[in-house]
Amino acid sequence: MSNKKYRILGLFSDFEEAFLAITDIKMNKVPGVSVDDVRLMSPIEHPEIEEILGERPAHVPKFTLAGACFGITFGFLFLASAQANFLVQPQGGKPVVPLPSNIVLTYEMLILFGVIFTVISFLILSGLIGGKKERLYSEKVGVDQIGVILELDENTYEPTKALFKQHKVLEIREEVIK
Amino acid sequence: MSGNNVNRRDFLKILGWGGVGVAVAGCDRPTTVTLEEGKEEVVAYLQPEEYVIPGVGVWFASTCQQCPAGCAVHGRVREGRVLKMEGNPDSPINYGKLCQMGQAGLQGHYNPDRLKKPLLRKGGTLTEVSWEEAMTQLDQKVGPASGLNGERFAWFTGTVSGHQSVLLSAHLAAVGSKNHFVHEVINDAVARAVNQDMLGEAAPRYLLDQARVVLSFGADFVGTGASPVYFANTYAKFRTATPRGVLIQVEPKMTLTGGSADLWVAIRPGTEGVLALGIAKHLVSQGVDASGLPESLRTLIAGHDADKVSKITGVPPDRIARIAALLKDRSPSLVLAGASAEGHAHGYQSVAAIMLLNVLLGNVGKTIVPSGASQFPQMEAKAGNTRDLLAFADAADKKALDVVFFHGANPVYTAPAALGLAEKIKSIPFKVAFSCFPDETAMSADLVLPILSAHEDWGTHMGVYQPEQKSISIQQPLMEPLYPDTKGFGDLVLTMLKARKAAGFEGFEDYYAYLKSAFAALPDSVKGDAVSDEDFWGKTLQKGIVKVTTVGGSLSAKAVEINLPEFKEDSARPYHLVPSARLGMWDGRHANLPWLQEAPDQISKVVWTSWVEVHPQTAAKLGVKEGDFIKVASEHGAVEAQVYIYKGVHPDVIAVPMGQGHEEYGRYAKGRGVNPLKVLAPVADAKTGELALYATRVTAAHVGRRELLVKLMGNETQLGRKMVATVKADVFNRTEGGKDVA
Amino acid sequence: MSLNNILTNWSRYRKGAEEGGFHEYEHQWGMVVDLNKCIGCNACSVACYAENNLPVVGETRYAKSQFMSWMRIERYWDEPDIEPYQATPSANVDVWIETNPPAAKTDVKPSMPGSYAKGLLEPGGQGFEERVGVYATKGEAQDFGASFLPMMCQQCHAATCEPVCPVAATYHTPDGLNAQVYNRCIGSRYCSNNCPYRLRYFNFWSYYEDAWPEPLHMQLNPDLAVRDKGVMEKCTFCVQRIRVAKDEAKMENRKVRDGEFATACVQTCPTGALVFGDMQDPESKVSKLWRFHQVEQGKTKQNKQNKELRGYRILEGLNTDPSVMYLERVREV
Amino acid sequence: MSVVYSFFSGWVDRSGASISSRLPRYLMMLSGVIALVLLAASPARADVPNAVPPKGEHQGKHVEQPIEFPHDIHANVNKINCMYCHTYARRSKVAGIPPTSKCMGCHMVIATDKPRIKKLTEYWEKREPPRWKKVHDVPDFVHFTHEKHLKRFVFDNQGMEVDKVSEVCAFCHGEVKKMTVAEKVKPLNMGFCARCHEANKGPFDCWKCHK
Amino acid sequence: MKHVSEKDINEEIKWAQINTDILQSLQNPRKAYWVAVAVCIAMLACAVVAEVYQYQNGLGVADLNRPHMWGLYIATFIFWIGMSHSGTLLSAILHIVHADWRKPIYRFAEAMTTFSLMTAGFFPMIHLGRMWNLYWVIPYVTDRGIWPNFRSPLVWDAFAITTYLTSSAVFLFIGMIPDLAICRDNSTGWRKKLYSVLSLGWQGTDRQWRNFRKTYMLMACFLIPLAVSVHSIVSSDFAMSIMPGWHVTSFPPYFVAGALYSGCASIITLFIILRYFFRWEEYMTMAIHEKICKLTFAIAMVWTYLNLVEFGATWYGHDPVAKEVLISKFVGPFAPFFWAMLFFGSVLPFALAFEKSRRNLPWMFVVSLLLNVGMWLERWMIVGPTLSHAYGPESWNFLWPSIVQWAIVFGSFGWFGLLFLIFVKVVPAVSMYEVKEMVFHRRREANPELAAQFHRRITDAQSVTAKPGIEGA
């Protein structure tokens with residue numbers, strides 16, 4: 001019955017203890033548990049912990065760039081073609097496609113699409129839209145506690161809990177996945 | 001276009017015009033939605049004239065009735081509505097041009113306040129009655145059956161001419177009366193009298209464009225003159241000639257003409273004659289030959305040296321010298337006398353003194369030429385005057401009249417309150433007003449007969465001022481009558497004539513038929529190349545004018561005695577009142593035309609109301625600012641109006657424009673502004689008996705109220721912007737003299 | 001296909017007013033106003049009311065200067081560049097006859113801002129309470145007449161009103177006119193703010209509701225719309241007359257002849273001070289006059305051979321390039 | 001307008017005042033809906049040379065007229081040319097209702113017994129024209145002139161015989177010859193006009209049509 | 001009291017404490033709140049009535065005239081747009097420069113941005129003669145083949161404001177998500193439902209935080225240039241025209257400075273109000289107040305400077321017409337308002353320069369309001385005098401706005417207030433998680449020995465792992 005799997009959430013009141021716990025995991029105190037499996041829940045963002053957790057990707061900026069580029073090209077082409085097709089406007093010795101005003105408007109379009117792309121990509125990449133949520137969640141995280149989530153099997157289950165206890169975990173929630 | 005059979009004027013019927021733009025352009029309506037079907041009507045002609053096309057305007061010739069000048073006009077008719085007036089290019093009077101009053105004639109025609117039914121005074125109030133009742137009334141009072149003694153009957157009209165004039169005389173003859181009072185406030189009667197005495201012709205022609213210098217003593221020839229459009233046109237020639245003509249304007253209040261003057265001289269009212277003599281003296285001392293003049297005049301002239309003159313007139317001596325120099329250097333010149341010179345107890349004398357300058361400068365025959373008479377004297381305009389107004393008041397006072405017919409004049413409005421004309425008219429047993437509008441006179445009449453507007457009626461006219469080529473211009477309907485219960489003036493008079501069995505008028509079905517036969521009866525010299533009477537009639541209706549030949553006419557300069565009174569200031573009433581006339585309002589007859597109410601006064605730019613023109617110095621003295629209400633009181637009454645600070649008046653002068661202050665006359669005129677004529681002193685010119693319009697002395701006082709004076713200009717100085725740039729005349733002569741650019 | 005258009009239109013019309021602007025006009029309607037002939041009689045203004053369905057707004061609205069007179073005659077007192085009767089020609093000749101640059105841009109008398117303040121405090125002036133700057137004029141005696149200035153839309157070729165309209169309701173027609181398309185206008189009123197001549201008038205109310213009481217409304221000209229509230233309007237050089245003339249010419253397959261028609265104001269002017277015509281036709285009266293007075297379009301500063309010629313354009317230095325040339329009024333001195 | 005046409009015209013001729021041809025292609029793709037709508041429009045009809053008839057439908061409603069005038073009998077059965085009665089169309093901006101005299105010209109003798117004609121004769125004897133209800137109309141800020149459209153499509157049109165003028169009329173008035181009293185079957189709104197001007201290279205200056 | 005020792009925030013404060021303190025602002029309101037709401041609605045009602053009246057009768061009722069085609073509407077429009085800039089300043093600029101004292105106050109400032117934009121947006125519509133055709137300004141494909149005129153600064157406005165409104169609203173929302181999650185966890189009933197939807201299931205996982213941080217920074221980077229461009233574009237409504245007094249090169253910076261100025265002033269106002277009513281002395285501390293005041297003072301001086309630059313440029317430039325406009329501002333009919341503007345805008349700010357007056361909150365409240373009055377006058381003084389004294393002397397004129405204009409301007413404040421009142425009761429007006437961050441980092445900085453000790457433990461832990469042989473055992 002070694003195929004039993006658990007998911008545990010350890011809630012630490014003290015940021016430093018949680019930090020040390022993760023450090024221990026990273027140091028393979030518990031064989032078979034890799035730091036890459038560790039997921040955090042925290043009331044604020046903790047850049048330090050993320051150092052420990054290792055570089056995890058955040059792709060938002062790429063989308064931002066895409067958005068901005070789209071904004072520029074679409075914006076300008078849209079304006080220019082609209083002007084070139086506006087059959088009444090261009091008369092009286094004025095340019096059909098006046099650069100100065102188009103620059104202004106293109107600039108706005110750049111920002112608009114930049115923002116939109118950024119936000120959408122954020123919502124998707126951070127799993128707020130469509131992403132699956134953590135099943136184990138505690139309101140405490142919203143207050144002042146830090147949660148560490150791990151998927152464990154028979155062998156790693158106990159030692160990890162021990163490790164958590166050793167680091168003064170306040171509470172451990174767990175559930176059995178299959 | 002051929003005018004055959006035009007009395008069946010089917011094409012003048014109003015078509016269903018709902019869809020052709022009169023409905024307001026639904027700018028609110030989303031632009032993609034078209035109008036809904038079946039909402040508007042569209043009607044075709046029963047029987048179309050081949051030249052009348054829906055959607056295309058047709059121009060018909062007629063005559064403008066807005067002032068006595070009698071300009072020939074074209075009216076644009078479309079879908080049976082007359083839309084726009086333009087001058088008739090063939091007319092020797094207005095060369096296809098038109099003034100603002102002529103343009104606004106349309107609003108007289110379409111005026112919402114027109115009389116639509118006959119009114120009869122029953123128990124003190126005017127009530128609408130049918131034409132039958134009205135005509136029976138008329139017949140009882142004036143008809144053959146009524147034992148009306150002809151002498152006790154009178155016509156009171158404005159300037160009349162053409163066949164209407166003929167009909168009126170015929171009617172008077174038929175009734176057996178000679179009382180035809182012809183009244184115009186804006187007239188040149190005194191000048192006519194002087195001309196008659198000095199030159200032997202009442203209305204000679206003034207060749208403005210021939211003159212190099214025009215010295216005008218208050219003659220507002222481009223504004224309220226005898227023929228504004230004609231003189232405006234010649235003014236342009238005068239200004240573009242080489243060398244360019246110089247205009248010197250001497251007057252107590254800047255008129256429209258004065259507004260264009262090169263040299264504008266403010267003068268104390270009534271002293272124009274003195275200035276003229278002063279100038280004469282200067283000329284004589286400069287060696288102008290005065291030997292032609294009788295001794296008495298030469299001594300008179302000699303008596304007016306510059307200092308004395310400038311003391312009396314308030315014109316600085318150097319200015320007098322300058323005027324004289326200009327007159328002497330640039331010949332020929334032309335000296336004109338206008339209302340401000342005429343309107344005094346000694347008006348005749350002043351004008352005589354002024355005309356004397358023409359004699360002295362030898363302008364007679366050069367810039368003043370005989371006009372002669374047309375071959376149809378009976379059709380020429382009976383020029384109006386104010387003498388008849390006084391005479392009429394006098395007659396009414398003596399209860400010498402039983403029946404009076406009013407037409408084209410509004411004495412109740414124009415007469416000074418001091419005459420008490422309103423009451424006197426009440427005392428006349430039976431008063432009939434032939435009128436389009438509920439003006440003061442009509443409202444005080446016993447029977448009001450609503451007549452067709454100038455654009456609905458037939459008629460013929462000759463302008464009061466006839467240029468070299470004299471002409472009769474025809475007035476024809478431009479659309480069918482708006483109101484079925486209105487009748488043509490000519491038709492009415494003709495009916496009365498027929499009732500009187502007047503010889504020569506029986507056969508005619510209506511005025512149109514009469515006119516047509518009258519034209520058929522014209523001599524061939526007039527008919528020109530017309531092949532038949534029908535053809536001539538058609539051509540006449542097309543052209544709108546008939547050119548007639550001039551007979552006689554000669555001028556013989558003859559000096560008259562001049563004795564100007566002593567001038568003394570009136571300490572009790574320090575200011576002279578100038579009831580100024582303006583092109584637009586005229587004598588007040590146009591106060592009911594919204595366009596003219598909203599057209600700013602040419603110089604003060606005030607709209608919709610009356611104002612009092614006060615010189616800055618005087619204003620400072622009175623402690624008033626623009627917009628202050630000021631009370632102007634003569635011994636015969638007072639008016640209150642807002643101050644307009646105005647450099648174009650003499651410091652001793654308070655000018656109030658005529659035209660406003662109606663008690664009746666429809667929504668646009670009623671109760672708006674004040675009427676300066678009311679407070680005038682009933683002084684008459686000693687010689688001619690003309691009412692002296694400029695002879696009233698007044699006091700002025702701040703009444704402590706102040707409102708925004710409604711006017712166009714926000715700022716009257718150019719502040720260094722080059723809005724109106726000015727160049728010297730000699731530069732002009734150098735660059736453009738003699739060149740016909742374009 | 002639009003990309004083609006972008007490429008073809010890219011450099012198209014990229015000529016400023018300096019080069020005479022848009023070179024593909026069918027016509028180029030222009031006007032000349034001879035202030036030497038103008039007597040300020042208002043005939044043109046009233047003719048405009050009659051022709052163009054201009055509403056009469058009444059006293060109270062006029063007091064708020066919400067009136068609609070497309071053609072107005074301004075009247076000024078002072079003549080900054082001429083002191084009558086004292087001026088010695090040598091001292092003044094350059095001032096009189098220099099037509100450039102316009103006074104608004106020249107460094108005219110530094111005292112001028114001062115004169116502004118003075119004007120406000122002028123005894124005759126009405127002061128600030130109701131209205132700015134109603135001034136009595138300087139000096140005591142009035143020695144000459146007033147200065148009349150007929151002002152209608154100048155139909156600028158580099159019009160300041162055109163580029164600012166958010167919906168292109170005002171634009172430049174192939175006839176060289178500033179068009180105002182009433183039913184496209186949304187009433188942002190930017191164009192009027194940007195017009196240095198203040199010649200655009202706004203329908204602050206639904207004037208038609210009370211301007212033409214029965215049966216006055218029967219006089220309305222069906223050839224152009226009656227404007228409703230919220231719409232900007234201005235002188236159109238009587239485009240409805242132009243349209244008719246062009247249609248007739250088209251039906252007869254010819255060009256419009258000079259003098260074949262005229263705008264309402266020009267037609268009625270009693271002194272003939274106004275001249276109207278097609279400036280593209282070298283033989284038209286208008287172009288002859290412009291040529292004679294050596295005034296050229298597309299200039300902010302006229303370099304005339306003969307500096308004494310009278311032609312000038314109002315506020316030319318703003319580079320609005322008006323189609324209306326004024327001829328200086330002439331005064332005997 | 002038909003997209004195909006517009007695209008081609010756009011390619012071959014860029015001076016032509018064509019809207020849809022000048023719509024950016026990617027815009028077309030973006031607004032696929034519009035494209036679909038446009039494609040739904042039927043292709044050009046051939047019976048008037050050098051002309052692309054305007055497209056667009058309008059559900060007109062039946063209008064009660066003083067006399068139920070049968071256009072079908074006149075125009076279809078008797079093959080009377082439209083411009084025989086609407087004689088002003090070639091000379092003026094408005095086509096004009098025929099004057100009563102014109103009707104009587106024939107109906108003094110023809111079909112005098114029919115009730116409609118009787119009614120007409122009454123009008124004639126009362127000497128007052130019937131007051132027809134307007135069916136086709138454009139807003140007051142629109143300047144539309146029949147004469148120039150006829151000039152373009154009929155008189156100056158190569159290979160167009162005047163007898164077939166009713167086809168041209170049908171552009172904006174629909175198949176009147178199949179109606180009794182006229183009904184409005186075309187939208188007659190700006191899009192309708194603009195599409196036609198684009199397809200037929202009509203003028204595109206606002207002031208040509210707006211007043 | 002000496003304030004130098006004073007801290008921006010007490011870092012010993014417990015996180016749970018923060019939650020409770022902030023969340024109590026969401027509890028059911030007291031009577032005063034409902035009174036405030038009623039007042040705002042009443043004000044708004046005035047505007048609505050006036051607008052309906054104007055809509056039916058045309059703009060004549062506003063007493064606009066020729067040449068005064070623009071009146072208070074446009075002036076107030078600029079005012080509100082300007083007001084919106086403060087939020088961006090605090091949340092974006094200060095975020096980028098890591099000024100963490102912004103954290104307790106940026107939330108409501110940002111809300112202010114969004115709401116004042118929502119207010120400003122109304123004015124161009126109200127001011128239109130035919131607002132029912134407003135949509136013609138939007139470029140959309142039509143078979144009529146007509147487009148808006150992209151040359152017109154008004155169209156630029158439309159673009160800029162749309163962009164700015166979208167961006168700032170999104171920015172506000174994104175920044176609120178973690179707090180909304182907290183609300184979700186601590187609320188019941190409809191609020192629970194609302195917050196669960198709004199918080200998008202935020203759980204504070206490292207993945208979420210990671211993207212969150214990046215996004216927030218990127219948005220900040222976008223918003224700063226955007227805010228600047230928006231007000232320069234608004235200024236180009238004037239600078240692009242040829243009217244004397246409008247055609248001024250220094251207008252864009254001048255407008256931006258004025259915008260930040262009025263924004264900061266109104267932040268002070270709201271700061272004091274919130275601090276008082278929600279008893280947030282713990283978070284909106286005097287120290288932060290001091291900082292805003294100093295910032296405001298600095299901006300005020302910048303604004304004053306740009307004013308002087310404008311005057312100087314006009315005075316020494318050779319455009320007599322512009323000079324006249326300038327003089328008319330000083331001595332003309334607008335003089336009283338102009339002088340008032342100079343006083344409120346340039347003199348009054350010195351009240352912020354002195355500690356004593358700075359620390360007197362009631363007085364500061366009044367001052368901040370007056371500063372805003374001054375800034376509103378500034379906008380009017382930009383629009384009015386130029387129209388009064390332009391090139392054509394004929395059209396010189398003066399406009400006194402009618403009651404209708406005043407009512408609509410007045411009502412716009414009601415609308416803004418209403419939005420803000422709803423805001424403070426629906427979402428926490430102080431960002432909880434950022435205050436926590438602030439406290440967290442401050443505590444670290446405050447007691448370095450703790451940090452050192454902690455660091456030692458980490459190194460130990462890692463050195464332990466350095467021993468070989470354990471792996472895979």
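Proteins come first, then strands; the chains are lettered A, B, ... in the order of their sequence lines, and each starts at number 1. This one's a predicted model, so the numbers in the text were calculated from it and none came from an experiment.
- Residue A:Leu123 touches chain E through its side chain alone, counting heavy-atom pairs closer than 4.5 Å.
- Looking at E:Thr205, both its backbone and its side chain come within 4.5 Å of chain A, counting heavy atoms on both sides.
- With a threshold of 4.5 angstrom between heavy atoms, A:Tyr107 approaches chain E through side-chain atoms but not through N, CA, C or O.
- Of the listed residues E:Ser152, E:Pro225, E:Ala181, E:Pro153, the one with more heavy-atom pairs under 4.5 angstrom with chain A than any other is E:Pro225.
- Contact count against chain A (heavy-atom pairs under 4.5 Å) is highest for E:Arg213 among E:Met219, E:Met240, E:Arg213, E:Glu434.
- Using modelled atom types and a 3.5 Å distance limit, the side chains of E:Asp100 and E:His441 yield no donor-acceptor pair.
- Only the side chain of A:Val141 comes within contact range of chain E, with at least one heavy atom under 4.5 Å from a heavy atom of that chain.
- Of the atoms belonging to A:Ile124, it is backbone heavy atoms, and not side-chain ones, that fall under 4.5 Å from chain E.
- Nearest heavy-atom pair across A:Ala58 and A:Pro61 is O-CD, 3.7 Å.
- When each of A:Leu110, A:Val143, A:Thr64, A:Ile129 is scored by its heavy-atom pairs under 4.5 Å with chain E, the top score falls to A:Val143.
- For the set A:Leu125, A:Asn102, A:Val104, A:Thr118, the entry with the most heavy-atom pairs within less than 4.5 Å of chain E is A:Leu125.
- Listed here is the closest heavy atom pair of A:Glu108 and E:Ser229: OE2-OG, 2.8 Å.
- Only the side chain of A:Phe19 comes within contact range of chain E, with at least one heavy atom under 4.5 Å from a heavy atom of that chain.
- In this structure, chain A has a heavy atom under 4.5 Å from the side chain of E:Leu218, while its backbone stays farther away.
- Heavy-atom minimum distance, E:Gly175 versus E:Tyr216: CA-CE1, 3.9 Å.
- Separation of the E:Trp209 and E:Tyr433 ring centroids falls under the 6.0 Å cut-off.
- Scanning all heavy atoms of the two residues, the minimum distance from A:Leu170 to A:Ser13 falls at CD1-CB, 3.3 Å.
- Contact count versus chain A (heavy atoms, under 4.5 Å) is highest, among E:Ile182, E:Thr215, E:Val170, for E:Thr215.
- The aromatic rings of A:Phe117 and A:Phe70 sit parallel to each other, their planes meeting at less than 30°, with 60° as the upper class boundary.
- Using a 4.5 Å cut-off between heavy atoms, A:Leu128 touches chain E through backbone and side chain atoms alike.
- Contact detail for E:Val430 and E:Asp179: the closest heavy-atom pair is O-OD2, 3.7 Å.
- In this pair, A:Phe164 and A:Phe12 present their aromatic rings perpendicular. The plane angle is above 60°, beyond the 30 to 60° band.
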May I have the step-by-step check of side chain to side chain donor-acceptor pair (under 3.5 Å) for A:Tyr137 and E:Asp185, ending in yes or no? CA-CA 10 Å; A:Tyr137 176 73; E:Asp185 299 344; 2.7 Å; yes
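- Chain A forms the most heavy-atom pairs under 4.5 Å with one residue out of E:Met432, E:Lys214, E:Arg207, and that residue is E:Arg207.
- For the set A:Val60, A:Ile111, A:Val119, A:Ile149, the entry with the most heavy-atom pairs within less than 4.5 Å of chain E is A:Ile111.
- Counting heavy-atom pairs closer than 4.5 Å to chain A, the top residue among E:Arg184, E:Lys14, E:Gln203, E:Met217 is E:Gln203.
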